[in-house]
There are 2 protein chains.
Amino acid sequence: MDKLPTVLDVGRAAGVSRQTVSNVLNAPGVVKAETRARVEAAIAELGYRPHASARRLRTRKSATLGIRLDPMTNGISGSVHDRFLHALTEQADARGLRMLLFTATDPQDEIRQFQRMHEGADVDAFVLTSTFFDDPRTEWLIQHRVPFVTFGRPWGIDDMKDPLHLWVDVDGRSGLRQATEHLLAEGARRIVYLGWPSGSGTGDDRRGGWRDAMRAGTDLGEAELDRLQLAVEDGVAQGREAVRGLEAAGIRFDAIVCASDSLGLGALLLVGADVPVIGYDNTPVAEAVGLSSIEQPLEDVAAGALELIMGRTGSELVDWEQSDDSRHRLITPRLVVRQRRIS
Amino acid sequence: MDKLPTVLDVGRAAGVSRQTVSNVLNAPGVVKAETRARVEAAIAELGYRPHASARRLRTRKSATLGIRLDPMTNGISGSVHDRFLHALTEQADARGLRMLLFTATDPQDEIRQFQRMHEGADVDAFVLTSTFFDDPRTEWLIQHRVPFVTFGRPWGIDDMKDPLHLWVDVDGRSGLRQATEHLLAEGARRIVYLGWPSGSGTGDDRRGGWRDAMRAGTDLGEAELDRLQLAVEDGVAQGREAVRGLEAAGIRFDAIVCASDSLGLGALLLVGADVPVIGYDNTPVAEAVGLSSIEQPLEDVAAGALELIMGRTGSELVDWEQSDDSRHRLITPRLVVRQRRIS
DNA sequence: CGAATAAGTTTGATCGATCAAATCCATGAT
DNA sequence: ATCATGGATTTGATCGATCAAACTTATTCG
């Protein structure tokens with residue numbers, strides 16, 4: 001046989017019509033058990049595989065999710081996105097879905113890609129990461145009724161509960177609270193928060209967790225807390241310099257919690273072994289140098305994203321405009337305590 | 001308009017037939033310039049986008065490459081694969097190609113996926129990474145005439161020049177030679193090679209580079225070189241213990257070159273600041289701690305892979321069984337020297 | 001007993017594009 | 001003036017599957 005077998009060939013071999021073969025594959029329930037067995041045997045014998053493109057043309061579904069691969073050069077925290085992608089691909093695979101990658105230079109370009117891929121029936125839905133304030137991408141997707149789910153809350157005030165916006169996120173506030181409480185329990189009092197400038201939803205959320213725990217667990221006043229709070233761009237060097245500045249200013253502290261492992265490592269490189277530091281993201285770097293960190297359960301995030309968009313187990317899109325289920329998931333991260341290896 | 005426009009709609013709007021529209025898209029040369037302009041205007045006006053699945057059904061091409069996402073190896077060096085994936089996706093995108101991800105539990109499972117995706121016209125070709133000795137996957141692909149290219153040489157003795165096996169790889173021997181020569185130039189003499197047990201092509205290749213340079217640049221005998229050569233499994237802890245063992249055995253050394261950044265970091269955590277260490281892969285960890293390392297130019301690897309399989313600029317498969325071009329690319333890595341940040 | 005109902009299967013049409021062959025038309029050679 | 005030539009465009013068929021409706025056959029009920 002030269003050509004690949006089609007439903008017609010299988011039907012002939014099993015003595016049934018093409019549609020029956022199709023039914024065996026897509027709606028086994030309607031076919032008599034005996035017939036089904038015969039067809040299944042023929043499928044196995046001929047090594048038949050459905051032609052994905054033909055099916056997609058007809059059904060206008062692709063069983064494929066699109067996700068953008070960030071340019072993401074600055075290594076260290078890039079691994080979060082990569083690990084999420086791993087988890088997502090594995091779980092999608094288990095549901096018979098596949099992930100189509102693409103890149104884009106900017107949000108407008110990304111929207112153009114959305115359009116192309118969705119209209120061409122390349123993908124059924126999109127998974128977005130690193131959403132930001134008033135994200136034009138989610139607006140476009142909602143407006144054009146293209147299904148999607150984001151890893152990351154829509155930080156705009158109103159969007160937050162927008163029923164059309166499905167999202168999964170990690171509760172950074174809880175993460176920082178855990179980290180801070182852990183240090184408090186170990187006897188630390190003056191705990192520094194080393195984070196990013198205000199404005200990023202994610203960063204503000206994490207800072208909030210530290211403040212919550214400090215307010216509840218110490219008697220430091222707001223002004224004092226302000227002094228223990230550092231805001232710099234992400235990066236190892238930035239983290240180090242920030243802590244250096246703190247020391248130079250003569251501000252005492254006995255532990256540090258950070259918004260990222262990059263910052264955490266920067267701090268680690270400067271302070272003595274007696275000052276505990278906790279990072280965020282639990283990257284390979286943290287593991288390698290023995291930096292305690294907050295682990296984002298990305299498997300759960302991926303599972304949540306798929307669940308929201310495809311239902312609990314299916315590989316078909318859920319009618320998300322009807323469904324009454326909750327339209328988001330907030331996942332609690334976990335503190336990983338490590339024994340320091342450097343410094 | 002409710003439905004998306006098709007070639008027919010565009011044709012009607014421009015006063016031509018559907019095939020002419022198709023030609024404007026796929027063979028602009030055969031259409032008269034004036035007509036073409038009219039059709040292009042109609043395309044823009046209606047916002048027409050070709051339906052990818054329909055095109056694929058007819059042409060049996062998908063303009064998509066499949067690549068397996070590894071099951072998340074031990075963090076630190078996993079980033080090489082991820083960076084390669086980034087580079088590949090970006091360059092594929094520039095050619096109008098897309099990358100389809102999948103996962104597999106083992107080589108047999110992966111082969112099953114090859115079959116499914118290829119027969120379903122989901123992908124035109126595959127990109128394989130981390131090939132190994134007598135890899136059943138490449139054998140299967142060759143046997144079934146499925147186009148593919150590997151990142152990594154086929155380490156089997158005969159496969160190496162197999163004209164049906166397209167491959168790109170990084171010249172690890174050159175990398176280690178560069179690293180070793182750099183240290184020799186800086187005055188080191190007794191340079192340790194910290195690598196993996198024999199048997200992996202990649203590892204043996206790298207060790208060869210160190211030995212080349214040591215033979216040429218020192219008067220140490222073979223026996224002495226054997227003593228300076230460590231073979232352990234990859235990992236930070238393993239690297240550290242190996243070096244500790246060396247010290248315990250009373251063997252003197254004044255520099256270390258490694259087969260990976262994991263091993264390099266392990267070594268770094270143990271030796272004094274006066275013993276230079278050079279890792280391999282130039283991972284974010286290396287950058288963060290200031291470990292010198294060997295950078296694999298993954299953009300070049302990705303470009304080479306696409307070039308081999310799709311031709312210099314095209315987005316169509318090259319007739320690789322005919323082509324007389326070279327069927328592989330060996331890329332030279334680059335030493336990145338850094339100022340130590342820890343220890 | 002005949003008609004309504006359900007279960008199982010088949011047939012015709014369709015998804016949107018491209019291939020292959022046919023048609024049309026202007027030009028130049030005979 | 002006739003016919004071959006080649007460029008530009010159109011028509012018919014097809015890729016492989018699924019949908020929607022039609023058809024068979026067996027079963028049930030008034």
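Letters A, B, ... are given to chains in the order of the sequence lines, protein chains preceding strands, and every chain is numbered from 1.
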Where do B:Lys61 and B:Asp124 land on the salt bridge (Lys or Arg N to Asp or Glu O under 4.0 Å) test, with the steps shown first?
CA-CA 6 Å; B:Lys61 303 219 150 109; B:Asp124 291 339; over 6 Å; no

Please state how far atom [atom1] in [X] lies from atom [atom2] in [N], giving the value in whole angstrom units.
X	N	atom1	atom2	value
B:Lys61	C:dG16	NZ	P	23 Å
B:Arg38	D:dA8	CZ	C1'	12 Å
A:Leu4	D:dA17	CG	C1'	14 Å
B:Asp122	D:dC15	CG	P	19 Å
A:Glu34	C:dA7	CD	C1'	14 Å
A:Arg36	C:dT9	CZ	C1'	15 Å
A:Lys32	C:dA6	NZ	P	19 Å
B:Arg49	C:dA17	CZ	P	12 Å

Taking only heavy atoms on the protein side, list every residue of residues 50-60 of chain A lying under 4.0 Å from any atom of DNA chain C, sorted numerically.
A:Leu57, A:Arg58, A:Arg60

Listed in order of residue number, which residues of residues 17-29 of chain B have a non-hydrogen atom at under 4.0 Å from DNA chain C?
B:Arg18, B:Gln19, B:Ser22, B:Asn26

Quick one: closest heavy-atom pair of B:Gln91 and B:Ala302, and the distance?
NE2-CB, 4.2 Å

Might you point out which heavy atoms bring A:Met99 and A:Ala92 nearest each other, and give the distance in Å?
SD-CB, 4.0 Å

Check whether any side-chain N or O of A:Asp135 sits under 3.5 Å from a backbone N or O of A:Thr131 as a donor-acceptor pair, and report yes or no.
no

Salt-bridge criterion met for B:Arg329 and B:Asp300 (N-O under 4.0 Å):
no

With a 3.5 Å cut-off and no angle check, do the side chains of A:Gln113 and A:Arg116 form a donor-acceptor pair?
yes

Judged by modelled atom types alone, do B:Thr150 and B:His165 share a side-chain donor-acceptor pair under 3.5 Å?
yes

Measure up the B:His328 and B:Trp167 rings against each other and bin them: parallel (under 30°), tilted (30 to 60°), perpendicular (over 60°).
parallel

Do the two ring centres, one from A:His144 and one from A:Phe114, sit under 6.0 Å apart?
no

